[in-house]
Novice: 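What follows is a structure written as structure tokens; I'll ask about it next.
Side-chain atoms are counted along with the backbone in the values below, which use heavy atoms only and exclude waters and symmetry mates. In the text below, chain A, chain B and the rest are named by the order of the sequence lines, each starting its count at 1.
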Amino acid sequence: MGNTSILGEFEQLILLAILRISGETHTAAIRQEIMDQIGRKVSRGAVYTTLDRLENKGLLSSVMGEPRPVRSGRARRYYAVEPDGLEALNEAREVMEKMWTGLEPLIMRPEPGGIE
Amino acid sequence: MSNATPPYVLTFLLRHTLPRIERERVIGDLSEEYRLYIRPLQSRFRAWIWYWKEGLSLLMAYTISRLRRNGRREVSIVLDARRFRRINKRLDHDDDRKGNIMEALIQDIRFALRSLRRDPKFLLAAGLTLAIGIGANTAIFSVLNGVVLKPLPYEEPGQLVKLDWNPVGEDGTHHFMTGMDFIDLRERSESFASISAYYDYREWGMDLTAGDGARRVIIMPISSDYCRTLGVDPVIGQHLSHDDETAENRNILISHRLWQEEFAGDPGALGSSLRLDNEDFMVTGILPADFREPFDRDVDVWLPLFLQPGAPPEGSRFSQNSRDNYYLSLIGRLRPGVTLDTAQSELNSLVAGIDEVNPDRDPWRTTVIPLDAAVVGRSSSMLYLLLAAVALVLLIACVNVANLSLVRGTSRERELAIRSALGSGRARLIRQLLTESVIISVIGGLAGLFLAWGGVRFLLMIRPDAIPRVDSISFDLPIFLYAMGISLITGVFFGVISAFRSTRLDIERSLQETGRSSSAGARHRQLRGILVISQVGLAIILLVGAALLLQTFYRLNRLDLGFDPEQTVTFELNLPAATYPVVEPARRLEFSREFLRRLESIPGVQHAGAVSRLPVTGQYHSWGYVIRHESEAAGETIWHLANIRIATEGYFETLGIDLLAGREFSSADLFDAPPVAMVNQAMVDRHFQGVDPIGQQIFEGGWREIVGVVEDVRIGYRDEIPDRIYMPYEQWVRDRPWVMSHVITGDGPVEGLIEAIRRELADIDQNLVIFNFTTMDRIVGQAIARERFAMVLMLAFACSAFILALVGIYGVLSYSVSQRYREIGIRIALGAGSGKIRSSIIREGMILTTIGIIIGLGAAFFLTTLMSSLVYEIEVTDPVTFLMVAVTLSIVSWVTCFIPARRAARTDPMEIMRTE
């Protein structure tokens with residue numbers, strides 16, 4: 001690949017969402033998962049284009065499903081994270097963790113309710 | 001479940017614009033969500049909205065992401081070319097063609113943006129040039145659109161006409177109509193849904209008294225169906241009726257503005273009274289806020305005319321209705337389906353019938369002209385001329401940009417050659433270059449819109465009263481479409497010039513040649529030469545036009561107006577007949593003498609006087625008169641026309657109008673003394689050849705003796721000076737209660753005198769109003785506003801054309817020098833003097849300039865005839881002007897050529913050798 005750049009935030013969200021869902025990893029489900037977890041609306045276009053980009057980078061792969069009448073006879077596309085994608089996720093996490101190390105006392109919010 | 005089908009139009013759109021690989025699942029996802037979650041839970045309309053919103057935002061997201069993604073990639077001509085070939089192959093498959101329109105377009109735009117970004121200087125130069133051209137065009141178009149093209153703001157404006165009235169044989173002159181003729185036409189004509197009359201023979205004002213103050217409002221006397229003719233209904237209240245057309249009538253319509261100001265918009269205003277000139281009038285209707293008088297008058301009160309046969313009661317404000325008292329103007333509304341010709345021929349026979357029963361009157365004729373043409377009048381030809389001028393500027397701008405892109409095309413020859421070698425067809429390359437030029441022109445057009453917006457502000461600032469209907473000039477959708485339209489045309493125009501030339505490639509040679517080649521320059525030189533020639537030619541046409549207008553303005557400005565406007569203020573004062581009755585002339589006279597005496601006693605005031613109509617404000621009170629000795633010699637009464645002016649004793653001295661013979665009015669010329677008159681020199685020249693005018697008798701409302709002759713005073717800048725008769729205010733005072741324009745000169749600045757004048761007036765009578773306070777300089781300025789407007793704009797256009805043409809010459813020469821560095825270096829190394837090099841470059845430029853000048857002068861010779869109505873005392877083919885323009889342009893372009901020539905002459909051969 002030779003792609004040394006760190007994954008973007010939204011790219012990470014997409015990859016993680018695919019991993020969290022078992023089975024029906026199509027676009028709508030991925031989008032729903034992200035919205036459920038982060039609690040705000042995610043634009044459909046952003047999801048599609050990011051999926052597209054990740055697939056171009058080789059971090060994702062996709063297969064077409066069977067055409068279905070409810071989709072006007074169109075097929076769904078199902079996504080799976082490739083090993084390169086897992087690698088990239090890990091790398092991103094490591095980088096972030098490195099950056100976080102030692103900063104907890106400076107940055108962490110005091111949680112009034114104690115430990116959750 | 002048919003209503004569960006997602007909207008077809010958007011699906012279709014998505015199917016044909018989304019990337020092919022994405023299409024299937026994106027549309028599928030959308031329709032699944034629509035069918036399963038959205039449609040069952042929401043109304044049909046909301047679901048529909050949802051689908052469109054999601055679909056369009058998807059489309060946006062894809063477009064943006066592809067533009068962005070590809071913009072970031074490394075630039076590689078070879079890769080691009082490979083990609084082209086792939087796409088071209090794909091295009092061969094019919095199946096895919098549909099979906100690829102968008103893809104190919106995006107691809108084109110992307111390449112274009114990328115290549116423009118690589119060359120920001122070019123983008124800036126081309127964009128700015130076009131912005132100026134398109135901006136100026138759009139600005140003028142928006143004025144033309146507002147003034148000429150937009151329909152009048154009335155219902156079915158195409159049915160509205162103005163009825164002009166003129167004696168047979170004097171076509172094109174505008175006369176007023178008599179009350180009796182109007183009544184006849186109104187009753188008998190079949191072609192018109194209605195005909196109505198209004199009185200704009202002079203501007204009426206009345207003093208509105210409310211509370212303890214008084215102010216002047218503008219009045220328009222109208223026939224009762226005036227508003228119905230225009231198709232305007234009162235927002236509150238009702239129309240006037242034929243019963244209101246009497247001398248006793250007190251029903252009036254008022255403007256929305258007056259309703260707000262006097263009644264604070266209270267609907268109860270209806271039926272309440274307004275005190276005008278110390279008489280009570282009843283408000284019966286309020287006209288809409290957006291109602292505008294066709295001829296831009298700022299009317300506040302519409303008052304029914306007296307339209308009964310014969311004379312109104314003594315002391316009435318109205319005129320008598322007979323067959324020879326001409327005072328009305330007419331507008332009409334044609335019945336649906338009736339043409340101008342039908343109406344015209346019907347009126348012809350009606351008027352012929354009227355003439356038949358009035359044999360002792362000269363025959364008349366009435367002409368139907370569309371109301372919009374009458375409103376716009378002469379301004380439309382001026383605006384079209386300016387639009388033509390500004391179109392030339394745009395053409396020059398186009399040529400400049402075409403020139404720039406040719407230069408660019410030359411330097412991109414290798415790139416284009418590689419693409420071509422890799423399989424891009426010529427059509428594909430042309431499309432690519434055209435896309436680039438259209439993008440540039442659209443960018444230029446958007447910037448031009450801003451310039452145009454500023455330009456329109458500027459136009460309105462320099463002189464709004466130079467053109468009619470200024471209110472309707474606005475910046476709206478048609479203007480935007482116009483700007484975008486000419487941007488596209490411009491882009492295609494200059495794009496085609498350069499694209500076809502740049503893509504005529506000799507691939508092998510282009511690839512073999514290294515770097516900066518000379519053959520490419522040679523190939524383009526001919527075309528670029530032609531472009532420069534046409535620029536110079538176009539610029540010459542504009543320069544000649546501007547020079548003609550400049551001289552016109554100069555001549556007009558130097559014109560002797562016959563009076564001295566400096567340090568003079570003026571205002572109108574109305575002595576209402578209700579409190580100062582005409583039947584009590586002594587009271588009116590007493591007031592005026594006292595007021596003028598007090599004015600002259602104000603510190604800083606030199607002289608004060610008054611006149612019934614100021615100079616340079618047009619034809620006014622053009623009345624018939626008879627010269628006794630002439631008529632007696634002829635044995636019949638011979639009528640002439642003269643502009644009548646009522647003047648006070650001090651008027652001539654105040655405005656510096658010189659007495660040429662006899663004496664001025666004196667305080668002895670009272671209303672019970674023998675009637676006297678003064679006349680102007682033009683009248684003496686025309687009618688008193690070889691006769692001493694002093695002591696002669698003329699008939700003007702009674703026989704009067706000519707006691708003095710004064711120099712001619714102009715009624716307008718271009719108008720011929722008509723005969724003029726002055727009558728003393730002291731004798732006229734018992735005749736009609738005319739408004740007098742007072743003039744005051746001071747020995748220093750006069751604008752601050754208003755307060756002192758108001759104080760003196762209030763001291764005599766608190767209910768009197770000073771109206772239209774202004775300086776004489778401003779009155780003169782208004783009289784020449786139209787000329788100034790045309791001149792300033794033409795000059796601005798000519799200057800921009802001039803500069804663009806110079807930039808064109810400069811560009812071509814610099815480029816030619818840069819292409820020939822090697823050649824020049826070698827010549828210098830071989831011993832050519834720098835003078836020789838310099839003159840050879842200058843010669844190259846001057847040959848182009850000279851050819852351009854000759855062609856331009858030839859074209860100007862024919863085109864300037866279009867301007868003949870705009871120039872004054874100068875031939876449109878004035879040889880001196882043509883020569884001056886040619887010489888000026890030659891000199892300046894010589895200087896322009898000199899710069900690159902000098903650079904060429906300073907070429908250091910060693911440096912050239914080193915870079916080889």
Side-chain angles (χ1 to χ4, degrees), chain A residues 1-11 13-14 17-18 21 24-36 40-80, chain B residues 1-15 17-40 47 49-74 83 99 103 106:
Chain A
M1 264 318 288
N3 191 340
T4 51
S5 66
I6 307 167
L7 285 176
E9 181 202 34
F10 197 66
E11 289 173 329
L13 287 179
I14 296 263
I18 296 173
I21 311 167
E24 298 276 297
T25 51
H26 60 273
T27 324
I30 296 169
R31 179 163 169 248
Q32 195 56 50
E33 174 66 22
I34 297 175
M35 291 200 290
D36 287 349
R40 60 188 151 81
K41 208 159 161 38
V42 169
S43 113
R44 190 183 301 272
V47 175
Y48 283 124
T49 52
T50 310
L51 282 169
D52 198 19
R53 190 163 63 238
L54 290 171
E55 192 171 3
N56 275 345
K57 285 186 186 173
L59 307 185
L60 282 181
S61 61
S62 68
V63 288
M64 298 299 282
E66 287 302 304
R68 295 167 55 181
V70 74
R71 302 172 55 87
S72 313
R74 290 189 170 81
R76 268 182 182 163
R77 188 185 282 268
Y78 294 92
Y79 289 91
Chain B
M1 280 280 282
S2 75
N3 68 351
T5 317
Y8 175 74
V9 177
L10 186 67
T11 313
F12 179 86
L13 197 68
L14 289 173
R15 202 163 62 226
T17 48
L18 284 179
R20 250 168 341 104
I21 329 161
E22 307 285 339
R23 242 177 256 160
E24 187 82 348
R25 58 97 181 247
V26 169
I27 301 174
D29 282 357
L30 269 185
S31 44
E32 179 178 346
E33 199 166 339
Y34 180 86
R35 283 217 174 98
L36 295 184
Y37 306 106
I38 304 298
R39 184 65 195 93
I49 296 270
W50 176 88
Y51 194 80
W52 272 92
K53 206 185 84 196
E54 294 292 324
L56 290 180
S57 75
L58 267 177
L59 219 55
M60 288 286 290
Y62 270 108
T63 313
I64 292 168
S65 100
R66 315 179 108 224
L67 286 175
R68 195 189 284 154
R69 171 159 23 113
N70 289 286
R72 256 193 232 129
R73 258 203 332 235
E74 285 291 297
R83 208 182 166 92
E103 245 168 75
I106 286 178

Novice: Quick one: CG on Asp29(B) to CZ on Arg44(A), what's the gap to the nearest 0.5 Å?
Specialist: 7.0 Å

Novice: Say you draw a straight line from CZ of Arg74(A) to OG1 of Thr11(B); how long is it, rounded to the nearest 0.5 Å?
Specialist: 7.0 Å

Novice: Any chance you could measure His26(A), atom NE2, to Glu32(B), atom CD, to the nearest 0.5 Å?
Specialist: 5.5 Å

